[in-house]
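Take a look at the structure set out below.
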Amino acid sequence: MKQYDVIIIGSGIAALQLANKLTKDLNVIILTKEKLTTGNSYLAQGGVAAAIAPSDDPYLHYLDTLEAGAHHNDAEAVLEMTQKAPELIKGLWQSGCRFDDDGKGKLLLGMEGAHSEKRIVHSGGDETGKHMVDFLIERLEANISIEQSTFVYDLILNKEETQCIGVKAKLPDGRNEIYAAPHVVLATGGCGQVFAYTSNAETATGDGIALAYRAGAELADMEFVQFHPTLLYVAGKTRGLISEAVRGEGAVLVTAEGKRIMEGIHPLKDLAPRHIVSQTIYDYSRKGIQVFLDISSIRDFGSRFPTVSKLCRDHGTEIENDLIPVVPGSHFVMGGVKTDLQGRTSIPGLYAIGEVACTGIHGANRLASNSLLEGMFVGGKLAEWINGTQAYRDAINNLHIPEKNFFNGELPEPDILKHTMMNRTGIVRTKELLMTQAEWLSQFNLERWLDAAIDHLSPSTLNRLFMYIAASLITRSALERTESRGGHFREDFPNEDNANWMKKQIIHQRKNVKDGKHEFNQTALAT
Ligand code: SIN
C-alpha cells in the first residue's frame, strides 16, 4: 500500500491546476490511465471565456451562461466564476502562459456560439488545451508524483462507510495496488465515448462517474449531454472536432447546393446555441442530406486553424475546396458527480473536478469555452480548501476492504453500446427509443455489477463496465425527464416544462451507502 495526502485521478486541466495550487508540503500523486497528455483537455480547440474587452462585463458572461444552460444553472456559482474569469486569465498570462495577443500587449478575443461579446482567449489558434496543459505540467513541483498507465478501478471507503480514504488501481505490469489518502479527487473527464459520434478522447469512458456511483456518491443531471454540431465526418465516421471558432470567424452551414441551413431557425443563425444547431444538422442527416461548413469567407484558414487544417488533411478533406463535411456528436456531459463549488461530493474525502463533476455551473447546456475555465476555477478552489484543512489525516489507518463476490456476467460490446446510445439516447430522444435502450441495457445486470468485486477484470473490461454504467445512468435520466431543456431533447415533449421541471435535478445515488444520508455541504469539515 502507498500513502499520500492527496490522490488525483486524471491529468486534465482541473487536475493540473489543483496539483499546482496545493501547498508544497502535501505529498500528492497523480494517477492517470494512459499518458499525462492523453485526454480531452489536451485536445481542446476552443479557448477560455472571460469578459476582458472594455465593451464586455462579467455580468454579460453570466447572463450568456444562464441562457445557454436553459436556466438550470446554479446562478450563484456562475456569478462567482464569471467574475473571477478575467483575473484567472490575466494571472496565467502574467505567469508565462502564452495566449494569442496583438503583439502590443492586448489579448485577441474570439467569438463563439451563444456569446453576446467577443470574449474567447486562445493559445496557438486552435491549440489552446495543448498549450495550457503543457504550461501547467512544466510547473509541477517535486511534491507531485505521477504514475501513468495506472487505471483506478475502485474507491475505498472506511469501515463505517462515511469517508473515502483510498483507491485500488491496476498497474502497467497488471498487478493491483492500493493507494491511501485522506483526500481522493476524481478528475477523470467525461463519458463522450459512450456515443458512436464523439469529439472526445478515447479515454473519456465515464470512469469517475462509475467509480463514484459504485461507491455511493450522489450524481446529478446525467440526461444533459452536449452534442457539438460540427465533427468532421468522412467515410461514415467522425474524425474529430471542427471548432465553433470556425463559425465564429464567419463559416456557415450549408447543403451541397449552398442552402444556408440555419437561416430562419434562430436569430443567431450559425452561432445559435449548440443544441439548436446540432438538432438542425441532425434533421438534415436523418433525411440523408449531408451538411457542410462553408469556410470560403475565412482568410488564412491554415494558420488561423492549424489543428482543424491538419485534421482535414489527414482525412483527405482539402480545405482549399472550402467545404468541410460535418455531423454532430457527443462533446460534453453537463451532469456527473454532484459537488459544491469546492468540488466536495456527498462522500467526505471524495472530490470531483472538471467534466466528471456536476457543479451546476453549466446547467442544461454548457456555454462554449466555459469548460477549461470551470476546470481552472474549481481546481483552484479545491486546492484552497484542501490547503486549509487537516481533516481526516488519521482516517487512512481505518482502511477497510469489504468482502464482495466476483461477478463474471456479460457486458455490452462497445460498438453496439455506442451505436444504440447514439440512435436511441442521442440528439433526439423519445419514450419509445429510451425504453428500448433501457430494456436492452438491463439484460447486463447493472445491479450485480455495482455490488461485485472487480479486481480480476482487465483494464479493457473495466472500460466496458464503466461505459455501461454511464450509459445506463444517462438513459434512465433521459427517460425520467419528460421535457426538453438544453442538451436534452425529447421529441415527444419538445418544450421546456417550467411548472414541473424548472431547477429540478434528477439524482442517482445507490441506497446501500449510509442510506444516502451524507450531508451534502460539509461546511463543518472546512475547519
Ligand atoms: C470548440 O472549439 O468548438 C469547442 C469549444 C468548447 O466546447 O468549449
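In each ligand, atom 1 is the first atom listed, and ligand 1 is the first ligand listed. What you see below is based on every heavy atom in this structure, not just the backbone, and it leaves out hydrogens, waters and symmetry mates. All values reported here derive from a predicted model rather than from experimental measurement.
- For Phe227 and Tyr197, the ring centers sit 6.0 Å or farther from each other.
- Of the listed residues (Glu244, Arg274, Gln226), the one carrying the non-hydrogen atom nearest atom 6 (C) of ligand 1 is Arg274.
- Below 30°, between 30° and 60°, or above 60°: for Tyr351 and Trp385 the angle between ring planes is between 30° and 60°, a tilted geometry.
- At the top of the distance list for atom 2 (O) of ligand 1, counting protein heavy atoms only, stands Ser243 OG, 2.6 Å.
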Which side-chain N or O atoms in residues 465-473 pair as donor and acceptor under 3.5 Å with protein atoms at least two apart or in another chain?
| unit_1 | atom_1 | unit_2 | atom_2 | d |
| --- | --- | --- | --- | --- |
| Tyr468 | OH | Leu441 | O | 2.8 |
| Tyr468 | OH | Leu446 | N | 3.2 |
| Ser472 | OG | Tyr468 | O | 2.8 |

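- Against a heavy-atom cut-off of under 4.0 Å, Ala368 is close to the following atoms of ligand 1: 8 (O).
- Against a heavy-atom cut-off of under 4.0 Å, His331 is close to the following atoms of ligand 1: 4 (C), 6 (C), 7 (O).
- The distance between the ring centers of His362 and Phe332 falls below 6.0 angstrom.
- By the 30° and 60° cut-offs, the orientation of the rings of Phe224 relative to His72 is tilted.
- Below 3.5 Å of separation, one finds an N or O of Ser369 facing an N or O of ligand 1.
- Residue Gly46 approaches ligand 1 through these ligand atoms, each under 4.0 Å from one of its heavy atoms: 2 (O), 5 (C).
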